[in-house]
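Reminder, nothing fancy here: chain letters follow the sequence lines and each chain counts from 1. Please read all numbers here as calculations on a predicted model, not as lab measurements. Only this structure's heavy atoms are used, side chains among them; waters, hydrogens and symmetry mates stay out.
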2 protein chains.
Amino acid sequence: MKPKLSDVAEEAGVSPTTVSRVINNHGYLSAATKQKVYDAMATLNYQPNSLARSLKGKKSHIIGLIFPGITNPFFAELIEKLEKQLFLQGYKVILCNSADDVAKERNYLQMLIANQVDGIITGAHNLGIEEYQNTNLPIVAFDRRYTDGMPMISSDNLQGGILATDTLYQAGAKNIYFMGNPNQKGNPTDRRLQGYRQQMAKLGLENHVFPIFFDETPKIKQVSIQQFLKKKQADGIICSDDLTAILVLQTARELNIQVPNDLKIIGYDGSNFIRTYFPELSTVVQPMDDIVMMLVESLINRITNREDKLEESDFILPVSLYHGGTV
Amino acid sequence: MKPKLSDVAEEAGVSPTTVSRVINNHGYLSAATKQKVYDAMATLNYQPNSLARSLKGKKSHIIGLIFPGITNPFFAELIEKLEKQLFLQGYKVILCNSADDVAKERNYLQMLIANQVDGIITGAHNLGIEEYQNTNLPIVAFDRRYTDGMPMISSDNLQGGILATDTLYQAGAKNIYFMGNPNQKGNPTDRRLQGYRQQMAKLGLENHVFPIFFDETPKIKQVSIQQFLKKKQADGIICSDDLTAILVLQTARELNIQVPNDLKIIGYDGSNFIRTYFPELSTVVQPMDDIVMMLVESLINRITNREDKLEESDFILPVSLYHGGTV
DNA sequence: TTGTAAGCGTTATCAC
DNA sequence: GTGATAACGCTTACAA
């Protein structure tokens, strides 16, 4: 059987209290006692049981991460960096893949509550506000607006949309299409489209949206992109994410459309992965490191200091441009 | 405060025991009582505390996943699929990023024990056998040999090396290089190199290894690949992973080396991501779905039936070839 | 400086 | 059918 605290106590010839004190560095202890306890812990190969500890009201030092998946390199990097930062601060991570499935996200949320996580970082799409409100856990959101009380971190999606549009325009494109989800559901990412529309209006150009949905498989996207490109209506395309942009680029090549001469393409996200393995793609870069810092800092603030007054808690970080060769 | 079981009991006018029974479907209960309890749970928005439950010896239904990172699409997909399968079986997942850092891996291992996970799936590289042996948790390993008792699932790395070599040879390459980690540490993946050497010998060709290490950054890899390609010694390269293969392909294009005419390239792993977004890359495909199935099944067997005799527990799954255009 | 005892939220055992 | 009660492994007043 796994050794428990009282076994250590017995082995060391002291009381359980003392062992607990040694483990937690509580109060005054003679060096000799400490040593005895350490020795006992070593000989028994003792590991404290976190569950019992958290049950006593201590923090679990676990953070739940709810994201729609990890195969998109942007999310993979974001999650990897979050994990890294949180680990440095002494937190471990439970990964919840909401997979664009409402039931699953709800299920995970309940599980996180049941497991007494100290907080949650969510970047998932589907769940409504109320469900998150009902947990009075510290939660911060990435690129999602949930509740007024909940801090939201995002990059400047409006500016990103403007920047992309302007970049294509400056490069000579006039028939600029936005390829992405046209449904505005009040999420911060909607503003990419708003930025595009706003800038197109300013430039006196007509705006066009070619709908692509997040949950379509790449194959399906490819087919509709192919049909679209064959019509040759666009000389510039803003994709609302890099993966879509790559499909457009591939398809354009297959159709012998010259990029950037006949068609300029710009993506969105700009993860390290994309910039390394698709260096030719021009894209709007989200400041990943800053996003991670803000998310973690913001969450830990809320965890350690929950009575904090709910000051303005939205952070919108500036985007930048990466010049590949597709513009 | 969060409602607890006794609150529900009070609300429903029954004893805590009864509530527990309702929750766990234990023994005989009158329909009326059940309903009262359900109602009380609903009005209080009660969530059972998993910690207390696990403390009582119940399973935690949490599986630890220890992997070296998630930015490699192969691992991202593997982890995503593992998570999905495990979720279907009622398990949740704690993600541990060992990040090729021994201390971190050890730290995570201890944490998993402390949190009473039901089992572990590991694909991490750095920790020695003993540390895993000491936990008497159910553990299964992907592509790593740890202990004789621990099941190992991998794809047929030897055959993969042979297949890659043969493919290049059949396509006309004679100066075939292997690009990967030359250090043989007894891991199953070492056999990719062995397969290459074996097949080269059989073909009467000289074998050459160009060393690339897993922990090098892409930039560093790029530089050494560039230097290598400039010498033009190879007319065929087997890369021990797809990401390296992509760097080779990129660099070859930069140097105006014609692929596949002057240089044939073959990668290794063949994730969906790579096949979708780099369809031109020929690669040895690991049977991801089968790997996931075997890992999960094998682990759950061990969890539910720990006294199982330690029958042969290594599974080596067949690889296949994806034909892009680089061979 | 160290020990005793109560309690965290749940479940299992035994009574009724 | 249902209810006391002890126990899981740990922490923390309160004593000593």
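Nearer the 5' end of DNA chain C, as judged by each residue's closest nucleotide, is the contact made by A/Arg21, out of A/Arg21 and B/Gln47. Each of B/Ser15 and B/Gly57 was matched to the nucleotide of DNA chain D holding its nearest heavy atom; the match closer to the 5' end belongs to B/Ser15.
Comment: A/Lys81 engages A/Asp289 in a salt bridge, judged by a side-chain N to carboxylate O separation of less than 4.0 angstrom.
For the pair A/Lys4 and A/Tyr46, the cation-pi test (distance below 6.0 Å, angle within 45°) is failed.
Picking from D/dC10, C/dG3, D/dT2 the nucleotide with the shortest atom distance to the side chain of A/Pro48 gives D/dC10. Taking the side chain of B/Leu55 as heavy atoms from C-beta on, and the options C/dT11, C/dC14, D/dC8, the nearest nucleotide is D/dC8. Nearest nucleotide to the side chain of A/Tyr28, out of C/dT1, D/dC10, C/dT4: C/dT1. Side chain of A/Val14, nearest nucleotide from D/dG1, C/dT13, C/dG3: C/dG3. Minimum atom distance to the side chain of A/Ser30 is reached by C/dT2, of the listed D/dG9, C/dT2, D/dT12.
Residue A/Arg53 has no polar side-chain atom (N or O) positioned under 4.0 Å from OP1 or OP2 of D/dC10. Taking only side-chain nitrogens and oxygens, B/Asn49 never comes nearer than 4.0 Å to OP1 or OP2 of C/dC8. Contact annotation: B/Thr17 side-chain N/O to C/dA12 OP1/OP2 distance is not under 4.0 Å. Under 4.0 angstrom from either OP1 or OP2 of C/dT10 there lies no side-chain N or O belonging to B/Ser6. Taking only side-chain nitrogens and oxygens, B/His26 comes nearer than 4.0 Å to OP1 or OP2 of C/dA12. Within the 4.0 Å cut-off from OP1 or OP2 of C/dG3, at least one side-chain nitrogen or oxygen of A/Thr18 is found. Note on B/Lys58: every side-chain N or O is 4.0 Å or more away from OP1 and OP2 of D/dC8.
Residue contacts shown for A/Thr33 are limited to sugar-phosphate atoms, with no base heavy atom under 4.0 Å away.
Atom NE2 of A/His61 is separated from atom P of D/dC10 by 16 Å (rounded to the nearest Å). Rounded to a whole Å, the CG atom of B/Leu51 is 17 Å from the P atom of D/dC8. Distance, A/Lys36 NZ to C/dT1 C1': 12 Å, rounded to whole Å. Look at CD on A/Glu10: it is 13 Å from P on C/dG3, rounded to the nearest Å. Distance B/Leu29 CG to C/dT11 P: 13 Å, rounded to the nearest Å. Atom P of nucleotide C/dG9 and atom CD1 of A/Ile113 are separated by 16 Å, given to the nearest angstrom. As a whole-Å value, the separation of B/Gln35 CD from D/dT2 P is 13 Å. Going from atom CG of A/Asn24 over to atom P of D/dC10 covers 11 Å, rounded to whole Å.
Below the 3.5 angstrom threshold, one finds no donor paired with an acceptor across the side chain of A/Ser20 and the base of D/dT12. For a distance-only test at 3.5 Å, the side chain of A/Lys56 fails to qualify as a donor-acceptor partner of the base of D/dG9.
With hydrogens and angles disregarded, no donor-acceptor distance shorter than 3.5 Å links the side chain of A/Asp269 to the backbone of A/Ser271.
Ring geometry for B/Phe142 against B/Phe74 counts as tilted: the plane angle lies between 30° and 60°, on a 0 to 90° scale.
With no hydrogens or angles considered, a side-chain donor-acceptor pair links A/Ser60 and A/Asp118 at under 3.5 Å. Between the side chains of B/Gln116 and B/Lys58, no donor-acceptor pair of N or O atoms lies under 3.5 Å.
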